[in-house]
Amino acid sequence: MSIDVQRAPGQIREPAIQVRGLHKSYQELRVLRGVDFDVARGSVFALLGSNGAGKTTVVRILSTLLRLDAGSASVNGFDVVAQAAKVRASISLTGQFAAVDEVLSGRENLILVARLRRQREPGRVADDLLVRFALTDAANRRVATYSGGMRRRLDIAMSLVGNPPVIVLDEPTVGLDPQARLEVWQAVRELVAQGTTVLLTTQYLDEAEQLADRIAVLHEGRVIANGTLTELRRLFPPATVEYVEKQPSLEDIFLAIVSDEGTTVTTASAPPVRAAKDPR
């Protein structure tokens with residue numbers, strides 16, 4: 001399933017991220033084997049996959065931290081190889097663990113990043129982001145006293161200094177409690193509402209189900225399914241109990257897609273089903 005590129009009057013609006021035939025190997029280990037996907041501007045695109053599927057490798061290539069072996073990739077219209085500096089100026093990468101200085105206060109962390117990014121009024125930038133992420137009351141507290149959710153919100157706020165058009169969130173809620181996860185989800189929704197494009201990698205299927213406009217399943221180095229949640233549900237036979245139809249969860253869909261063809265997949269909430277064939 002290919003992404004529908006949004007059209008503006010008289011022109012085609014290019015995707016915020018475009019990946020074509022991406023290959024990457026580490027000696028004999030082939031990590032990516034021809035990955036293709038587009039990310040529409042102002043949307044959340046979730047890249048799902050088990051450990052070792054290649055998610056982090058894709059993120060590192062898109063953020064210019066790793067060189068691709070073959071294929072092409074662009075971010076905000078800039079090629080990740082030929083225009084790496086412009087790509088780095090267009091994105092912000094938030095990794096699996098909050099990159100904050102615990103000795104400093106939340107406000108001081110934001111001012112530090114604003115100065116590093118040569119913002120004209122670092123104090124005003126910090127104050128605006130503290131309001132935006134509901135951290136004003138804790139602005140002058142040391143980050144060491146923050147909860148997990150507060151640290152993650154601060155980490156994402158630091159990523160927004162300079163207003164990058166594309167944010168990459170690599171496993172943003174790893175290790176967070178349920179309440180903290182909800183706080184991060186709300187922060188992501190607010191980002192997208194203001195026009196930011198978000199590439200989200202996650203192993204939490206409910207996270208993708210809640211946030212993503214489009215979902216791709218990366219398995220053994222290839223994207224084997226790509227579509228909206230509604231489109232992916234069509235790949236999965238609806239479970240029925242007597243006359244009541246039950247929609248499959250994203251977890252059901254994911255397990256069916258990545259299982260070997262013909263393998264029976266059983267979940268706690270639905271009867272055994274056959275794995276869906278690759279729609280391509």
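Only a predicted model underlies this, so the values are computations on that prediction, with no experimental measurement involved. Note that these values count all heavy atoms, side chains included, but never hydrogens, waters or copies made by symmetry.
- The salt bridge (charged side-chain N to carboxylate O under 4.0 Å, His left out) contacts involving residues 122-135 comprise Arg107-Asp127, Glu121-Arg124, Arg124-Asp128, where partners must be two or more places apart or lie in separate chains.
- Placement of Tyr204 and Val217 in two distinct hydrophobic clusters is found when ILVMFWY residues are connected by side-chain heavy-atom separations under 4.5 Å, directly or transitively.
- Of the candidates Asn109, Val184, Thr94, Thr94 is the only one forming a side-chain contact (heavy atoms from CB on, under 4.5 Å) with Asp155.
- Transitive grouping of hydrophobic side chains (ILVMFWY, heavy atoms separated by less than 4.5 Å) brings Leu93 and Phe37 into a common cluster.
- Taking Asn163 as the reference, nothing meets the side chain to side chain donor-acceptor pair (under 3.5 Å) condition, with sequence neighbours excluded.
- Listed here is the closest heavy atom pair of Ala157 and Leu129: O-CD1, 3.4 Å.
- A 4.5 Å side-chain heavy-atom check between Pro15 and Arg41 finds every atom pair outside the cut-off.
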Identify all side-chain donor-acceptor contacts of residues 64-75 below 3.5 Å with residues at least two apart in sequence or on another chain.
residue	atom	partner	partner atom	Å
Thr64	OG1	Arg88	NH1	3.0
Asp69	OD1	Lys24	NZ	3.4
Asp69	OD2	Ser25	N	2.7

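- Across Ala208 and Leu250, no two heavy atoms sit closer than the pair CB-CD2, 3.8 Å.
- By the 4.5 Å heavy-atom criterion applied to side chains, Arg142 and Glu102 are not counted as neighbours.
- Ile61 and Tyr26 fall within a single hydrophobic cluster, where Ile, Leu, Val, Met, Phe, Trp and Tyr side chains are chained together by heavy-atom contacts under 4.5 Å.
- To the nearest 0.5 Å, the span separating CG on Asn226 from CG on Leu232 amounts to 8.0 Å.
- Residues meeting the side chain to side chain donor-acceptor pair (under 3.5 Å) test with Thr197, sequence neighbours left out: none.
- A search for side-chain contact (heavy atoms from CB on, under 4.5 Å) contacts involving Asp36 returns Arg20, not counting sequence neighbours.
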Show me the donor-acceptor pairs within less than 3.5 Å that the side chains of residues 45-60 make with the rest of the protein, sequence neighbours left out.
residue	atom	partner	partner atom	Å
Asn51	OD1	Gln203	NE2	2.8
Lys55	NZ	Gly49	O	2.9
Lys55	NZ	Ser50	O	3.4

Side chain to side chain donor-acceptor pair (under 3.5 Å) for Ser90 and Asn76? Distances and angles first, verdict last. CA-CA 7 Å; Ser90 300; Asn76 200 34; 3.2 Å; yes

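- How far CG of Leu32 is from CD of Glu220: 12.5 Å, rounded to the nearest 0.5 Å.
- For Ser105, the side chain to side chain donor-acceptor pair (under 3.5 Å) criterion is met by Glu108, not counting sequence neighbours.
- For the pair Leu154/Phe133, no side-chain contact is recorded, criterion being any heavy-atom separation below 4.5 Å from C-beta on.
- Here Ser92 contributes atom OG and Ile156 contributes atom CD1; the two are 10.0 Å apart, rounded to the nearest 0.5 Å.
- Connectivity analysis of hydrophobic side chains (ILVMFWY, heavy atoms under 4.5 Å, direct or indirect) links Leu116 to Leu104, Leu112.
- Ile224 and Ile215 fall within a single hydrophobic cluster, where Ile, Leu, Val, Met, Phe, Trp and Tyr side chains are chained together by heavy-atom contacts under 4.5 Å.
- Residues Leu200 and Pro172 have side chains in contact (heavy-atom distance under 4.5 Å, counting atoms from C-beta outward).
- The shortest heavy-atom contact between Leu110 and Met158 is CD2-CG, 3.6 Å.
- Annotation for Ala139 and Leu130: closest pair CB-CD1, 3.6 Å, computed over non-hydrogen atoms.
- In this structure, CH2 on Trp185 lies 6.5 Å from CG on Leu211, to the nearest 0.5 angstrom.
- Contacts of Ala138 classified as side-chain contact (heavy atoms from CB on, under 4.5 Å), with partners at least two apart in sequence or in another chain: Arg141, Tyr146, Met150.
- For the side-chain contact (heavy atoms from CB on, under 4.5 Å) test with Ile17, the passing option among Ile91, Val80, Asp38, Leu199 is Leu199; the others fail.
- Contact annotation: the side chain of Arg152 never approaches that of Glu183 to less than 4.5 Å [non-hydrogen atoms, C-beta and beyond].
- Considering only heavy atoms from C-beta on, Val143 stays 4.5 Å or farther from Asp101 through its side chain.
- Rounding to the nearest 0.5 angstrom, the gap separating the OG1 atom in Thr201 from the CG atom in Asp170 is 3.5 Å.
- Ile111 belongs to no hydrophobic cluster with other residues, because no ILVMFWY side-chain heavy atom falls under 4.5 Å from its own, directly or through intermediates.
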Check the pair Arg181, Glu171 against salt bridge (Lys or Arg N to Asp or Glu O under 4.0 Å), reporting the backbone distance first and the verdict last. CA-CA 11 Å; Arg181 289 182 71 206; Glu171 305 282 358; over 6 Å; no

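- The backbone N or O of Val44 lies less than 3.5 Å from no partner atom in the side chain of Arg214, so there is not a single donor-acceptor pair.
- Rounding to the nearest 0.5 Å places CG of Leu205 at 9.5 Å from CD1 of Ile253.
- Considering all non-hydrogen atoms of both residues, Lys86 and Phe78 come closest at CD-CE2, 3.5 Å.
- Under a 3.5 Å cut-off, the side chain of Arg151 and the backbone N or O of Ala144 do form a donor-acceptor pair.
- Val131 and Val113 are assigned to two separate hydrophobic clusters, defined by single-linkage of ILVMFWY side chains at heavy-atom distances under 4.5 Å.
- Every residue meeting the side-chain contact (heavy atoms from CB on, under 4.5 Å) condition with Glu190, not counting sequence neighbours, appears here in chain and number order: Gln186.
- Arg33 meets the side-chain contact (heavy atoms from CB on, under 4.5 Å) test with Arg30, Arg222; sequence neighbours excluded.
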